[in-house]
Amino acid sequence: MELTEAQFQRYARHLILDEVGEAGQARLMAARVLVVGAGGLGSPLLLYLAAAGVGTLGVIDDDTVDLSNLQRQIVHPTSAIGALKVESAEATLKALNPEVRVERHAVRLGPANLDAMVGAYDLVADGSDNFDTRYLLNDACFRLGKTLVAASLAPFDGQLSTFKPYLGPPHPCYRCLFREPPPPDLVPRCETAGILGAVAGVMGTLQAVEVLKELLGLGESLSGTLLLYDALRTDFQRIRIPRDPLCPTCGSTHR
Ligand SMILES: [Zn+2]
């Protein structure tokens with residue numbers, strides 16, 4: 001792939017890195033990443049992936065932009081209130097980097113569209129806000145051999161990990177970590193629970209870094225490690241996630 005003069009300038013700070021260079025930039029430009037949720041996590045994630053020149057970004061979100069979203073969902077401007085989030089996100093991303101292709105999916109992920117959606121991309125980044133989607137994505141990514149970079153938020157905390165259980169042991173999946181979803185009444189959602197907006201920014205940005213690392217094959221993968229961010233104590237912790245041989249998704253007895 002030959003870079004144009006404009007691309008040389010736009011990506012100059014990538015190209016000058018030995019770890020990225022022209023070959024790495026070409027890899028990013030050829031990559032197809034599916035971002036699930038154009039909300040608090042999806043906003044910084046999409047912005048940084050578009051800025052980095054990831055060639056195709058699929059965006060799944062069936063929601064519309066609400067005034068109360070704007071405190072943290074920074075891909076959406078005030079003028080987009082009432083518009084579909086996928087359309088609002090596309091407009092912002094195109095303004096940032098017109099070279100990026102945005103594929104809009106204004107649908108809810110479910111068993112009927114899951115495999116077609118996940119199968120059409122190289123990597124999936126989960127920024128959804130519900131457990132149903134998280135488990136669906138985990139199982140589909142394992143089945144279809146796709147890397148999953150998943151983050152989640154609490155009012156002043158965040159979690160992040162990368163899952164590549166299709167590579168076999170020792171790589172765990174999300175279900176090795178949390179076997180069952182918690183009961184629904186124990187799960188306050190962002191819209192009702194409240195969140196310090198910038199915490200979503202930290203986690204979505206960390207998620208973007210891990211996506212770019214996976215696409216470029218850079219550094220150490222977060223697979224097998226859960227990263228915890230505590231904003232009030234300004235503390236990061238890393239916890240080992242062992243692969244569970246009895247896991248209903250990736251356990252050997254279930255394959
Ligand atoms: Zn598992």
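Every number for a ligand or one of its atoms is a count from 1 in the order of the listing. Computed from a predicted structure; not experimentally measured.
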With a 3.5 Å cut-off and sequence neighbours excluded, list the donor-acceptor pairs that the side chains of residues 147-165 form with protein atoms.
unit_1: T147; atom_1: OG1; unit_2: Y166; atom_2: OH; d: 2.5
unit_1: S161; atom_1: OG; unit_2: T225; atom_2: O; d: 2.6
unit_1: K164; atom_1: NZ; unit_2: E214; atom_2: OE1; d: 2.8

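- Sorted pairs that involve residues 45-54 and meet side-chain hydrogen bond (donor to acceptor under 3.5 Å, both in side chains), not counting sequence neighbours, are lacking altogether.
- Under 4.0 Å is where a charged nitrogen must lie from a carboxylate oxygen, and between R175 and D139 at least one such pair does.
- By the 4.0 Å N-to-carboxylate-O rule, R143 lies close enough to D115 to be salt-bridged with it.
- Distances from the Zn ion (ligand 1) under 2.8 Å pick out these protein N/O/S atoms: C173 SG, C176 SG, C247 SG, C250 SG.
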Less than 3.5 Å apart, which donor and acceptor atoms pair up between the side chains of residues 77-91 and the rest of the protein, not counting sequence neighbours?
unit_1: K85; atom_1: NZ; unit_2: Q73; atom_2: OE1; d: 2.9
unit_1: S88; atom_1: OG; unit_2: H76; atom_2: ND1; d: 2.7
unit_1: E90; atom_1: OE1; unit_2: R104; atom_2: NE; d: 2.7

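- A salt bridge between E103 and R32 is present, with a side-chain N of the basic residue lying under 4.0 Å from a carboxylate O of the acidic one.
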